[in-house]
Amino acid sequence: MKIKNYINGSFQEHDSSEWLDNYDPSIGEVYGQIPNSNQKDVEKAYAFAKAAFPSWSNTTLDHRSRILLKIADLIEANLDRLATAESRDNGKPLWLAKAVDIPRASANFRFFAQAITQFSSEAHETIGTNTMNFTLREPIGVVGCISPWNLPLYLFTWKVAPAIAAGNCVVAKPSEVTPATAYLLGEILTEVGLPAGVLNIVHGEGARVGQAIVAHPNIKAISFTGGTATGAHIARTAAPMFKKLSLELGGKNPNIIFADCDYGKMLKESIRSSFANQGQICLCGSRIYVERSIYKQFKTHFVDIVSKNKVGNPMDADTKFGALVSKSHLEKVLSYVEHARDNEGYTILYGGNQLKVTGSENGYYMQPTIIEVTDNKCRLNQEEIFGPVVTLMPFDTEEEVVSLANDVQYGLASTVWTKDIDKAMRVSKKLEAGIVWINTFLNRDLRTPFGGMKASGVGREGGLEALRFFTEPKNVCIKYN
Ligand code: NAD
């Protein structure tokens, strides 16, 4: 697969002759090439986006909505092709890409196609002064969207759909680690007749293409999802230019299990919240805190079930966990296990090793790994690993577990298991996290605000929050006689 940039409604050659290798992580081999675009490609994409803006921002909401709905339909119609491409590019099980990633990409377009028709602004009458204020919500202009590799098309579309629904034109960059489905999206955009220049997709390295988008003086807003260190760098670049910024960053999410929970349901969902997508979801619960009275029981059952799940080639229907996304990421995750082996305070209860999968011996596979820790300040409880590694720790009281949960730099998501509604409410209010799931995990209503606190980000995506981000509010104040 030789990927091309999608600029001004067609696939185009990039400026330089440099290419990046694209790996299939399930076999550890190069299977395609990606343009290593540069600042000139971003400038070209910007110029076409700018040219498209006056017309696109003046299309009726109904027209925009219909185009987005058609994109949603075509993503759905191409489910098999897109899911296969996603699985091959990322290493995730094919069934997962079919059940979650691609349906959600379609849902993102469908949701914002409808949301834009329901988006309204406010009016404020200043009573007794003959003054009327109303708020215009105008598209910003050309905006930048930058997405990561873990949920490639899912997160790419989560940004570009609200951006274009609100009337903006976009210069977007998918992760260079997983560019395939964003590339295929270009074909769909052409087929549905999205006007040329409205959505431009430039491929390449973050430090080159991403940086050029963020540093571009006339790209007025940046919606970014990725690591906290990259987010901090982006903020440093964009802040002096006073760009609007939405930063969805890393997490180190607690999974809090009280003894009075529905044990069977909790156990099943905790496997998913720990290891879904090989633990490479920003929302995965990587620190599991279990009330002491059920700690031993949980430990035994959890290890037993996890050990029975198959790690294998993503294309096999019975594979539960696939490959990690890249060799360097696998090495990073394994380095945390090494740290646990070399230091006190850790007991590896299960896993910890790279795996050779028959027929795919060079793939980037790893056992799901469960490590018991004694100190919440340890590296494995403080740093984002973003792989199939979870820690276990017992707790005695509600106050204690809230304090353990909050004692990290991150504040993205959290999961709480209890049948006691009063306790659930108390804990929810005290947790420093943008999302609290009670007796559920990754349960998403696209209307809700999505994002994190602390080092997990700034701003919220989802529903009206995203449409507010991608519009500039303007107060019009009228004094009448
Ligand atoms: P990353 O920060 O390395 O890269 C994310 C994107 O930013 C990529 O497209 C990359 O090319 C680009 N980039 C890199 N350097 C850049 C720069 N200097 N300027 C502009 N763009 C640049 O992250 P990743 O490794 O792709 O993804 C994993 C991280 O993403 C994890 O930390 C995870 O928690 C986070 N994440 C967060 C959410 C969320 O919603 N909060 C969702 C998914 C992933």
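None of these values were measured; they are calculated from a predicted model.
Shown here for N38 and S16, the closest heavy-atom pair between the two residues is ND2-CB, 4.1 Å. Closest approach of V337 to G352, counting heavy atoms only: CG1-O, 3.5 Å. The two atoms that bring G144 and I213 nearest to each other are CA-CG2, 3.8 Å, heavy atoms only.
Ring-centre distance between Y183 and F11: below the 6.0 Å cut-off. You'll find the ring centres of F386 and W149 inside the 6.0 Å limit.
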Next item on the list: Please test Q280 against K92 for side chain to side chain donor-acceptor pair (under 3.5 Å), starting from the C-alpha separation and ending with a verdict.
Entry: CA-CA 10 Å; Q280 302 167 131; K92 67 179 68 212; over 6 Å; no
Next item on the list: Output, in order, the C-alpha distance, side-chain angles, deciding distance and verdict of salt bridge (charged side-chain N to carboxylate O under 4.0 Å, His left out) for E76 and R110.
Entry: CA-CA 11 Å; E76 220 166 73; R110 184 157 291 120; 3.1 Å; yes
Note to self: Checking R88 against T84 for the side chain to side chain donor-acceptor pair (under 3.5 Å) test, could you report, in this order, the C-alpha distance in whole Å, the side-chain angles of both residues, the deciding distance, and whether it holds?
What the structure shows: CA-CA 6 Å; R88 188 166 193 204; T84 305; over 6 Å; no
Margin query: Test salt bridge (charged side-chain N to carboxylate O under 4.0 Å, His left out) on K44 and D15; report intermediate values, then the result.
Written below: CA-CA 10 Å; K44 181 172 158 189; D15 173 68; over 6 Å; no
Margin query: Evaluate E43 against H216 for side chain to side chain donor-acceptor pair (under 3.5 Å), listing each step before the verdict.
Written below: CA-CA 8 Å; E43 190 55 48; H216 195 289; 2.9 Å; yes
Check: Given E13 and K4, is the salt bridge (charged side-chain N to carboxylate O under 4.0 Å, His left out) satisfied, shown in steps?
Finding: CA-CA 6 Å; E13 300 297 335; K4 285 187 173 175; 3.0 Å; yes
Note to self: Checking K173 against E205 for the salt bridge (charged side-chain N to carboxylate O under 4.0 Å, His left out) test, could you report, in this order, the C-alpha distance in whole Å, the side-chain angles of both residues, the deciding distance, and whether it holds?
What the structure shows: CA-CA 9 Å; K173 191 196 100 60; E205 288 171 335; over 6 Å; no
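Side chain to side chain, Q12 and N5 fail the donor-acceptor criterion of an N or O pair below 3.5 Å. For the residue pair R64 and T60, no side-chain donor N or O sits within less than 3.5 Å of a side-chain acceptor on the partner. At a cut-off of 3.5 Å, with distance as the only test, no side-chain donor of S147 or K159 sits close to an acceptor on the other residue. For H203 and Y6, the side-chain atoms include no donor-acceptor pair closer than 3.5 Å. The closest side-chain donor-acceptor pair between N255 and T415, if any, does not fall under 3.5 angstrom.
Residue M266 is tested with N439, V290, I257 for a side-chain contact (heavy atoms from CB on, under 4.5 Å); the sole match is I257. Test D89, D21, D24 against Y31 for side chain to side chain donor-acceptor pair (under 3.5 Å) and you get one pass: D89. With P148 as the fixed residue, the side-chain contact (heavy atoms from CB on, under 4.5 Å) test singles out one of T178, T225, V177: T225.
Cation-pi geometry between K244 and F469 is met: under 6.0 angstrom from the ring centre, within 45 degrees of the axis. R104 forms a cation-pi arrangement with W158, by the criterion of a distance under 6.0 Å to the ring centre and an angle within 45° of the ring axis. For the pair K265 and W417, the cation-pi criterion (under 6.0 Å, within 45° of the ring axis) is not fulfilled.
Interatomic distance, I385 CD1 to T369 OG1, rounded to the nearest 0.5 Å: 9.5 Å. Going from atom CG of L96 over to atom OG1 of T319 covers 11.5 Å, rounded to the nearest 0.5 Å. One distance of note links CD1 of I234 with CD1 of I146; it measures 4.5 Å at 0.5 Å rounding.
With respect to E472 and K220, no salt bridge is recorded, no charged nitrogen being found less than 4.0 Å from a carboxylate O. The pair D262-K419 does not count as a salt bridge, with every side-chain nitrogen at least 4.0 angstrom from each carboxylate oxygen.
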